[in-house]
Amino acid sequence: MRHVIALDVGGTGMKAALVGDDGELLHRARRATGRERGPDAVVGAILDFAAELHAYGVTHYGAPALAAGIAVPGIVDEERGVAAYAANLGWKDVPLRALLAERLGVPVALGHDVRTGGLAEGRIGAGKGADRFLFVPLGTGIAGAIGIDGRVEAGAHGFAGEIGHVVVRPGGTPCPCGQHGCLERYASASAVSEAWAAACGDPAADAADCAKAVASGDPEAVRVWQEAVDALADGLVTALTLLDPRTLIIGGGLAEAGEVLFSPLRDAVRRRVTFQKLPTIVPAALGDTAGCLGAGLLARDLLDPAGPGSPAPDTTDLDPTDPSEVTA
């Protein structure tokens with residue numbers, strides 16, 4: 001059975017799948033990255049995991065994978081196939097595409113985790129059918145994926161979509177990037193957690209706790225939440241002014257608040273637009289499976305370089321919390 005390998009590498013764990021030619025998810029598995037053993041061990045774990053998936057395909061489906069796709073965090077040079085830098089994995093300038101291609105003997109596509117997740121959301125998730133979309137996950141930081149006609153724009157140097165470092169509060173909170181007042185210092189899940197912990201006096205409180213307090217009408221929580229929403233709206237309006245997306249997809253941990261986030265956010269964006277066309281603002285649909293699904297799409301694009309159009313993976317039965325989907 002024709003299939004490809006899809007692999008999504010996170011800071012602590014890896015998610016993988018074998019994706020059939022008709023889009024069926026044939027096999028799913030997870031592994032730890034082993035980052036506590038250092039960057040070389042992480043690379044070794046990735047190569048070993050990919051080799052196991054390759055062998056599984058031969059044993060269970062009678063043929064090796066035709067290609068592989070891998071999504072990784074940090075700075076990624078997709079054109080050269082190099083994982084340039086990832087602070088949480090400790091690596092620098094790893095020729096991951098070449099290493100995997102040598103180990104597996106098949107063509108390999110390497111992608112940035114957020115852009116790869118955005119690819120999946122755009123083609124088969126919340127942005128399906130949109131010719132232009134912007135995917136913005138609100139997690140520890142904030143990044144973005146710019147979708148154009150079924151593909152995601154990486155930029156001339158691999159930095160396209162870094163909306164988290166748009167300055168929304170000039171002279172504001174310092175950011176590790178070296179600027180002051182960056183969007184992710186105000187509207188990421190970690191920023192909301194920090195602000196709410198300080199406001200409520202509980203160092204263990206997080207963004208989810210703030211959202212619950214907002215839903216119950218706590219005025220201090222409403223203040224903290226609205227400040228984050230206003231900053232997010234400022235950043236998003238800058239992005240939609242430049243990019244004119246048809247659909248704006250919001251994901252990540254903060255989006256799990258549902259309408260507690262989306263109702264005030266839609267209002268805040270609407271108040272700020274003037275001549276711009278207001279995009280449809282929707283929650284992401286694929287959750288933490290987006291990166292893996294996007295890696296599968298990258299791999300399948302290697303087999304169909306003319307463009308996207310092959311059947312999309314069937315995600316209806318994909319449950320990332322199901323223990324049966326995790327192998328030892």
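Computed over heavy atoms, backbone and side chain alike; hydrogens, waters and symmetry mates excluded.
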For [Y], is there any backbone N or O sitting under 3.5 Å from a side-chain donor or acceptor partner on [X]?
X: His60; Y: Val58; value: no
X: Arg115; Y: Gly158; value: yes
X: Asp304; Y: Asp301; value: no
X: Glu121; Y: Ala126; value: yes
X: Glu153; Y: Ile148; value: no
X: His112; Y: Val114; value: yes
X: Arg103; Y: Ala98; value: no

Side chain proximity check, [X] to [Y], heavy atoms < 4.5 angstrom:
X: Glu227; Y: Arg169; answer: no
X: His180; Y: Val167; answer: no
X: Thr274; Y: Gln276; answer: yes
X: Val72; Y: Thr116; answer: no
X: Leu183; Y: Ile163; answer: yes
X: Val260; Y: Trp225; answer: yes
X: Leu248; Y: Phe133; answer: no
X: Val269; Y: Leu240; answer: yes

Count the heavy atoms of every other residue, nucleotide or ligand shown that sit under 6.0 Å from [atom1] of [X], and state whether that count exceeds 12.
X: Gln226; atom1: CD; value: yes
X: Arg246; atom1: CZ; value: no
X: Arg223; atom1: CZ; value: yes

Please report the closest heavy-atom contact between [X] and [Y], naming both atoms and the distance.
X: Ala130; Y: Thr247; result: CB-OG1, 3.5 Å
X: Leu96; Y: Trp91; result: CD2-CH2, 4.2 Å
X: Leu134; Y: Ala239; result: CD2-CB, 3.7 Å
X: Gly294; Y: Ala120; result: N-CB, 3.6 Å
X: Arg35; Y: Val42; result: CA-CG2, 3.5 Å
X: Arg185; Y: Pro174; result: NE-O, 3.2 Å

Take Asp206 and Asp209 through the side chain to side chain contact (heavy atoms under 4.5 Å, CB included) test and state the conclusion after the steps. CA-CA 5 Å; Asp206 61 13; Asp209 297 321; 3.0 Å; yes

Pair Arg132, Asp244 - check side chain to side chain contact (heavy atoms under 4.5 Å, CB included), show working. CA-CA 8 Å; Arg132 300 288 191 278; Asp244 188 25; over 6 Å; no

Rounded to the nearest 0.5 Å, what separation is found between the [atom1] atom of [X] and the [atom2] atom of [Y]?
X: Leu104; Y: Leu47; atom1: CG; atom2: CG; answer: 8.0 Å
X: His54; Y: Thr59; atom1: NE2; atom2: OG1; answer: 10.5 Å
X: Glu194; Y: Thr173; atom1: CD; atom2: OG1; answer: 8.0 Å
X: Arg80; Y: Leu110; atom1: CZ; atom2: CG; answer: 11.0 Å
X: Ile142; Y: Ser190; atom1: CD1; atom2: OG; answer: 8.0 Å
X: Arg300; Y: Leu66; atom1: CZ; atom2: CG; answer: 11.0 Å

Side-chain heavy atoms under 4.5 angstrom apart, residues restricted to Ile, Leu, Val, Met, Phe, Trp, Tyr: same cluster for [X] and [Y]?
X: Leu261; Y: Val224; value: no
X: Leu26; Y: Tyr56; value: yes
X: Leu254; Y: Leu236; value: yes
X: Ile146; Y: Ile75; value: no
X: Phe262; Y: Leu278; value: yes

Salt bridge or not for [X] and [Y], using N-O below 4.0 Å?
X: Lys212; Y: Asp218; value: no
X: Arg272; Y: Asp230; value: yes
X: Arg123; Y: Asp149; value: no
X: Asp48; Y: Arg31; value: no

Report the C-alpha distance between Cys177 and Cys182 in whole Å, list the side-chain angles of each, state the deciding distance to 0.1 Å, and finish with yes or no for side chain to side chain contact (heavy atoms under 4.5 Å, CB included). CA-CA 9 Å; Cys177 79; Cys182 289; 3.7 Å; yes

Which residues share a side chain to side chain donor-acceptor pair (under 3.5 Å) with Glu259, sequence neighbours left out: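 Once residues adjacent in sequence are excluded, the partners of Glu259 under the side chain to side chain donor-acceptor pair (under 3.5 Å) criterion are Arg266.
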
Which residue is it: Ile70, Val94, Thr33? I am looking for the one with a side-chain contact (heavy atoms from CB on, under 4.5 Å) to Ile46. Ile70

Would you check, one step at a time, whether the test side chain to side chain contact (heavy atoms under 4.5 Å, CB included) holds for Arg97 with Val108? CA-CA 6 Å; Arg97 184 175 65 193; Val108 174; 3.9 Å; yes

